[in-house]
Every structure is written in structure tokens, then in C-alpha cells.
Amino acid sequence: MLSYQHIYHAANFADIHKHKCLAKWLQNATQTGKICYLETHAGRGLYNLLAPEALKTGEAQEAKNELENINETHILKKIIQDIRRHYGEDFYPGSAFIAAALLGEQDEIHLCELHPKEYAALEENFLFSTKKPQVDIYKKDGFSEILKHLSKHKTNLLFIDPSYEIKSEYEQTANFINTLLQKDKNLQIMVWYPLLSNEIHHNLLDNIKHPFEKDEYIFGDKSKLRSLGSGLALIGNFKV
Ligand SMILES: C[S@@+](CC[C@H](N)C(=O)[O-])C[C@H]1O[C@@H](n2cnc3c(N)ncnc32)[C@H](O)[C@@H]1O
């Protein structure tokens with residue numbers, strides 16, 4: 001069933017919104033002490049925007065101005081500049097590389113990725129990465145694996161970024177969040193969702209049984225994407 005590959009969508013309008021918020025969230029968290037960053041749906045961490053898959057959809061191309069116009073003072077801008085210096089002008093960081101850029105040796109990173117090709121690419125990308133907080137990668141279902149890696153001594157930050165290939169994933173994600181917060185009420189969670197015209201994201205938001213804040217971005221007529229916008233729900237203390 002796993003057909004989604006993020007390379008088709010990397011650096012599109014939704015990705016840029018998501019990653020700007022993620023980078024700010026992590027930047028704020030790192031001011032407070034040691035971090036354990038966990039991700040259920042990691043992707044491959046690093047994307048070549050000239051790969052045939054990216055060119056096929058043209059989504060990165062459509063959002064090129066959005067990417068270039070990220071404010072110079074925004075932390076994501078600096079991360080992108082560093083990535084371009086290391087890998088080349090056409091490379092773009094996924095969530096896992098954004099986390100690796102912001103966290104230090106005292107922190108840890110746990111990443112789940114189920115797609116065999118994406119998992120292999122993620123492993124390889126970290127093998128050649130120059131920045132090394134402790135990174136562990138699991139070729140496992142993020143919903144069942146990640147719970148095993150919550151730290152007892154560090155602030156746990158969980159990023160949930162499903163592909164929502166199956167409609168039931170919205171409710172499954174809400175149930176997952178509710179279960180996790182029963183086990184660790186201090187867990188900090190960020191979850192991404194698309195804003196579609198059928199408003200199916202309410203199957204996620206309406207089922208989360210904890211207070212949360214939202215950051216939503218409507219693309220307007222800049223974008224021809226099927227989704228109308230990009231949303232993030234945030235549970236816990238850290239802002240974006
Ligand atoms: C939206 S992409 C992730 C993008 C990435 N978080 C980023 O921002 O750069 C979702 C990823 O989840 C993977 N995936 C789908 N179902 C999964 C599951 N149950 N457990 C772990 N990974 C899964 C897909 O293969 C895909 O690479």
C-alpha cells in the first residue's frame with residue numbers, strides 16, 4: 001500500500017510552511033535543555049529538487065519564490081543555505097535534516113520510515129551527513145515503534161507527518177496522540193495535516209482530546225495543488 005514518496009512534493013507550498021514552523025518549534029525547544037526528537041514518518045531527510053520525480057510534478061518549481069523569499073532572519077533560511085553549501089544549490093532539507101541541523105551532541109533523534117526505498121535513502125543520507133547528534137533510524141511503523149524511544153531524562157518532542165494515503169489515518173493519528181498523552185502528559189507534539197475542500201482534517205482535530213493550538217496557511221491562487229492549505233496542530237508549551 002505504501003506508494004507515497006515525498007520527493008514528488010518536497011519544497012512545495014505545504015512543505016515550506018511545515019518546515020518553517022518545525023524549525024522555529026525546535027529552535028525554541030533547544031533553549032530549554034536536552035531534547036529527544038522523535039518522528040513517526042521521516043521521509044528521506046534530504047531532497048534533490050532536480051530529481052525526475054520532483055520535476056514531474058513541478059511542485060517545488062511552483063513554490064520557488066516562496067522558498068527564496070523566506071526571511072533572512074528565519075532559522076530555516078540558514079539551514080537551507082548550509083545544505084546548499086554542502087550538497088549543492090538544488091538540495092532541500094526534509095524534517096529529519098532540519099532536526100539534525102538544530103540539535104546538538106547532548107540531544108538524540110529517533111526516526112521511523114516504513115517505505116523500503118525511503119528508508120534506504122534516509123540511512124544513506126545520514127551516513128554522509130556532517131552534523132551528528134545521535135540519530136537512530138527504524139524501518140518500522142511509526143505509530144507502533146516510536147513509543148519505545150521516549151526519553152526519561154530529556155524533553156520529548158514528537159513530529160507526526162503522515163502521508164494520509166488512507167482516509168482512516170486522520171482518526172488513527174488522533175487516537176495515537178490521545179494514547180501517547182495518557183502515557184506522558186509532558187510530551188510536546190506537532191502534527192501536520194492538509195487542508196482539503198472536503199475538510200477531512202476535522203477527523204483528526206475533532207478527535208484530539210487535549211488542548212492544542214493551530215497554525216494554518218491557505219495557499220490562495222498562488223498554487224494549483226489539490227490541497228487548499230497546510231495545517232499544524234501543536235500540543236504543549238513550545239510555539240512556532
Ligand atoms: C509526508 S512524508 C514525510 C515527510 C517528512 N516528514 C519531511 O517533512 O521531510 C510521509 C512518509 O511516511 C512514510 N510512511 C507512511 N506510512 C508510514 C508508517 N506507518 N510508519 C512509518 N513511515 C510511514 C512514507 O513512506 C513517507 O516517506
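Each ligand, and each atom within it, is numbered from 1 in the order the structure gives.
Annotation: ring pair (Phe, Tyr, Trp, His ring centres under 6.0 Å) contacts of F238 (sequence neighbours excluded): none.
The salt bridge (charged side-chain N to carboxylate O under 4.0 Å, His left out) contacts involving residues 174-201 comprise nothing, where partners must be two or more places apart or lie in separate chains. Sorted by first and then second residue, the salt bridge (charged side-chain N to carboxylate O under 4.0 Å, His left out) pairs involving residues 34-48 (not counting sequence neighbours) are R44-E118.
A side-chain donor-acceptor contact under 3.5 Å links K154 to the backbone of Q106.
Ring pair F126/F97 is tilted by interplanar angle, where 30° to 60° counts as tilted.
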Within the protein, flag every N or O under 3.5 Å from an N or O of ligand 1, and note the pair and distance.
residue, atom, partner, partner atom, Å
ligand 1, 6 (N), E39, OE2, 2.9
ligand 1, 6 (N), H41, O, 3.0
ligand 1, 6 (N), S95, OG, 2.9
ligand 1, 6 (N), D161, OD2, 2.7
ligand 1, 8 (O), H19, NE2, 2.8
ligand 1, 8 (O), S95, OG, 3.2
ligand 1, 8 (O), D161, OD2, 3.2
ligand 1, 9 (O), S95, N, 3.0
ligand 1, 9 (O), S95, OG, 3.4
ligand 1, 19 (N), D141, OD1, 2.8
ligand 1, 20 (N), G142, N, 2.9
ligand 1, 22 (N), L114, N, 3.2
ligand 1, 25 (O), E113, OE2, 2.7
ligand 1, 27 (O), E113, OE1, 2.8
ligand 1, 27 (O), E113, OE2, 3.3

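A distance below 6.0 Å separates the ring centres of F143 and F176.
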